[in-house]
Number of protein chains: 2
Amino acid sequence: MLNLDQLSAFVSVIDLGSFTAAADKAGLTQPAISLQVKLLEQRLGVRLIERVGRRAQPSPAGVELLLHARRILEDCSAVHEAMMPYREGSVGRVRIGSGGTASIHLLPRAIAAVKKRMPGLEIIVRIGNTEDILRDLEANALDLAVVVLPAAGRSLEVEPFYEDELLAVAPKGSHMPKDGPGTDFLKDKTFLLYEGGNTRRAIDEWFASDGIRLKPAMEFGSVEAVKELVAAGLGWSLLPGLALQRDRSDHLETSPVKPRLTRQLGMVLRRDKHLTRGLREVINCLREFRS
Amino acid sequence: MLNLDQLSAFVSVIDLGSFTAAADKAGLTQPAISLQVKLLEQRLGVRLIERVGRRAQPSPAGVELLLHARRILEDCSAVHEAMMPYREGSVGRVRIGSGGTASIHLLPRAIAAVKKRMPGLEIIVRIGNTEDILRDLEANALDLAVVVLPAAGRSLEVEPFYEDELLAVAPKGSHMPKDGPGTDFLKDKTFLLYEGGNTRRAIDEWFASDGIRLKPAMEFGSVEAVKELVAAGLGWSLLPGLALQRDRSDHLETSPVKPRLTRQLGMVLRRDKHLTRGLREVINCLREFRS
DNA sequence: ACAAAAGAATTCCTTATGGATTGCATTATT
DNA sequence: AATAATGCAATCCATAAGGAATTCTTTTGT
């Protein structure tokens with residue numbers, strides 16, 4: 001029978017290019033690693049590592065073994081993940097990835113609801129741009145993503161669950177058309193935009209459908225920053241309704257635009273994801289927003 | 001880290017429905033299997049086997065683990081399969097670096113001989129100048145170099161294996177002294193030379209030993225080109241005998257020079273190189289030329 | 001038929017040591 | 001002065017011997 005410690009040692013040596021480095025990483029001494037690799041080589045009857053000069057390189061057989069070994073080791077760590085939900089005592093853990101806006105305004109409410117039902121559940125939220133989040137999701141470093149759609153990915157399943165309207169935002173006292181400002185009305189305003197990925201794209205498309213190309217005065221990575229700047233009278237903006245709920249009506253004038261401009265927030269999971277109870281709860285709580 | 005023996009024991013117990021049976025199959029005693037499964041349960045923090053009545057059945061977590069475990073164990077046995085060809089030496093790879101002349105005229109014959117003995121062997125030949133080849137050899141990007149000597153390098157081992165004579169080559173019908181042309185005879189001829197590194201150097205030294213400094217009319221990177229030009233009557237040349245074996249005697253006059261001028265071809269390996277069966281075969285086949 | 005405990009055997013790790021190569025500095029040479 | 005050669009120190013891996021830890025067996029109990 002093969003031995004996972006030996007496989008792991010072998011992979012580590014190749015990755016780090018040195019027996020000594022692999023030993024340090026594993027918290028062992030160099031002879032231990034040497035022995036592991038040697039035993040593996042004996043068991044397989046093949047030379048796996050070319051000890052040549054100062055560098056350790058895989059032999060042809062070693063290259064082939066690497067492919068298998070990496071997969072096996074990954075599967076083994078996946079086992080721990082898979083057993084997590086069955087564990088007694090630990091209620092579980094849900095790792096959520098999210099874009100900035102949703103994480104500030106939507107997730108806290110959903111998480112609060114989940115926590116009420118499953119107090120022990122550990123919830124981790126990672127903020128990032130859609131691209132990074134989805135990559136981590138595919139790598140199973142995240143359990144669930146909450147992002148602005150569209151979201152692509154062969155192994156991913158997308159469920160839209162919230163339609164967020166983008167609102168025109170102006171300093172208090174600005175003239176705001178009754179039935180909402182259109183592209184014509186807005187095109188000459190000074191614009192401060194949130195430089196989010198899909199949100200920003202939706203805004204550009206909205207203007208572009210009337211043949212207008214927007215040249216924003218400034219772009220910011222933070223919605224809150226844009227809000228403050230608009231409140232200070234520095235210009236107009238188009239911001240997610242979500243971000244405007246904790247009303248700054250004392251300093252801001254807000255209105256839907258014409259035609260209305262919305263963006264879809266969606267939950268994204270790996271298609272083959274095993275649903276733990278915690279994850280199911282989170283999904284259900286997010287669905288509450290669907291109304 | 002997971003343990004494959006434990007996984008295997010667990011799967012076996014489920015498959016056979018009994019600890020004792022699993023123990024027999026594994027050639028161990030029953031407590032050993034009990035312990036393995038217990039340790040696995042402890043490590044995963046999950047109960048895996050429901051000991052109910054006479055039959056051992058998997059818990060829900062056990063069912064899930066079975067899926068993973070079977071796959072992992074299969075992959076592990078696939079590893080043995082995958083290593084088999086390398087183990088028997090029927091598969092392998094030899095990366096040879098070579099100067100141009102040897103690679104065209106010597107290597108094909110040696111490779112053909114090796115292939116006859118080890119049909120599965122993968123042979124890669126990289127052409128380049130001596131310097132590049134030797135650098136790659138030191139970096140272990142090549143297994144063997146076949147170059148014109150001398151070849152330096154602290155970590156390299158050199159074995160001369162073929163003495164190649166440089167022949168004077170003239171257009172058909174040229175006057176060629178009976179006992180071979182000397183420097184005196186050749187110094188006034190129009191010369192077309194092959195701009196190889198060590199070969200070219202050997203020629204310069206040959207003339208220099210009689211105090212003559214050669215001013216070749218043209219230099220070419222290809223021996224074949226020089227041959228064609230000489231055949232077309234454009235001048236004389238000194239070329240490796242190896243390159244003249246596929247006789248162009250219908251258009252060329254060839255003769256040893258006086259004193260005879262030879263260059264050594266050598267095999268070069270890293271001093272600490274591990275000899276695979278394939279590499280040994282290649283070396284042996286090259287030695288056949290030594291006669 | 002499985003679990004638990006104690007002793008035995010094996011495995012695996014650490015320490016110590018030696019061989020080999022590499023990188024750097026020093027020295028000799030053209 | 002620049003280049004090549006030499007010598008030294010450092011680094012890395014292999015091996016051997018002793019010791020710690022794991023794992024198996026035997027025995028016994030539920």
Side-chain angles (χ1 to χ4, degrees), chain A residues 1-10 12-43 47-59 62, chain B residues 1-10 12-43 47-59 62 131 134-141 150-158 201 208 268-275:
Chain A
M1 180 72 61
L2 227 47
N3 182 322
L4 289 178
D5 289 324
Q6 291 172 8
L7 276 189
S8 172
F10 164 69
S12 199
V13 168
I14 298 297
D15 284 345
L16 299 172
S18 142
F19 284 66
T20 311
D24 287 344
K25 190 180 167 199
L28 298 175
T29 56
Q30 170 262 314
I33 300 296
S34 282
L35 200 65
Q36 299 272 17
V37 173
K38 189 173 156 191
L39 289 174
L40 184 60
E41 286 180 330
Q42 278 177 5
R43 176 160 307 170
R47 192 148 193 81
L48 294 171
I49 296 185
E50 304 260 326
R51 290 88 158 161
V52 87
R54 198 154 285 239
R55 220 177 149 62
Q57 291 176 330
S59 74
Chain B
M1 178 76 61
L2 226 47
N3 182 322
L4 288 178
D5 289 324
Q6 293 172 6
L7 275 188
S8 172
F10 164 69
S12 198
V13 168
I14 298 295
D15 283 346
L16 300 172
S18 142
F19 284 66
T20 312
D24 287 344
K25 190 181 168 201
L28 297 175
T29 56
Q30 168 263 314
I33 300 297
S34 283
L35 198 65
Q36 297 275 14
V37 174
K38 188 172 155 192
L39 289 175
L40 183 59
E41 287 180 328
Q42 278 177 8
R43 177 160 307 172
R47 191 144 193 82
L48 293 171
I49 296 184
E50 303 287 348
R51 288 84 163 167
V52 281
R54 196 148 287 236
R55 204 169 161 69
Q57 286 189 324
S59 72
E131 195 184 346
L134 292 183
R135 189 168 46 245
D136 285 355
L137 191 71
E138 288 204 84
N140 199 35
R154 255 205 301 190
S155 60
L156 301 180
E157 204 152 35
V158 178
R201 211 164 49 87
V268 189
L269 286 94
R270 278 192 61 111
R271 194 185 316 278
D272 55 357
K273 183 73 185 179
H274 175 78
L275 293 185

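Numbered from 1 within each chain, the chains take letters A, B, ... in sequence-line order. The structure presented is a predicted model; accordingly, all values stated were derived computationally and were not measured.
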Considering heavy-atom distances to DNA chain D, does P31(B) or G17(A) have its closest nucleotide positioned more toward the 5' end?
G17(A)

Could you check R51(A) against I33(B) and say which one's nearest nucleotide on DNA chain D is further toward the 5' end?
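Closer to the 5' end of DNA chain D: R51(A).
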
Using atom [atom1] of [X] as one end and atom [atom2] of [N] as the other, report the distance to the nearest whole Å.
X: H274(B); N: dA14(D); atom1: NE2; atom2: C1'; result: 15 Å
X: Q57(B); N: dC2(C); atom1: CD; atom2: C1'; result: 15 Å
X: D24(B); N: dC2(C); atom1: CG; atom2: P; result: 11 Å
X: E41(A); N: dC13(D); atom1: CD; atom2: P; result: 13 Å
X: D5(B); N: dT11(C); atom1: CG; atom2: C1'; result: 12 Å
X: Q42(A); N: dA14(D); atom1: CD; atom2: C1'; result: 13 Å
X: M1(A); N: dC24(D); atom1: CE; atom2: P; result: 12 Å

Hey, is the side chain of [X] poking within less than 4.0 Å of OP1 or OP2 on [N], counting only N and O atoms?
X: R270(B); N: dT22(C); answer: yes
X: N3(B); N: dT22(D); answer: no
X: K38(A); N: dT15(D); answer: yes
X: Q30(A); N: dT11(D); answer: no
X: S34(B); N: dC2(C); answer: no
X: R154(B); N: dT22(C); answer: no

Does [Y] offer a backbone N or O that forms a donor-acceptor pair with the side chain of [X] under 3.5 Å?
X: R43(B); Y: M1(B); answer: yes
X: R271(B); Y: R154(B); answer: yes
X: E41(B); Y: I49(B); answer: yes

When we call it a touch if two heavy atoms are under 4.0 Å apart, what does [X] touch: a base, just sugar-phosphate, or nothing?
X: T20(B); value: sugar-phosphate
X: T29(A); value: base
X: R271(B); value: sugar-phosphate

On DNA chain C, compare the nucleotides closest to L35(A) and A21(B); which residue's is nearer the 5' end?
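Per heavy-atom nearest nucleotide, the more 5' residue is A21(B).
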
Which nucleotide in the set [options] lies at the smallest distance from any side-chain heavy atom of [X]?
X: L39(A); options: dA3(C), dT15(C), dC12(C); answer: dC12(C)
X: L28(B); options: dC13(D), dT25(D), dT14(C); answer: dT25(D)
X: F19(A); options: dC13(D), dT21(C), dC2(C); answer: dC13(D)

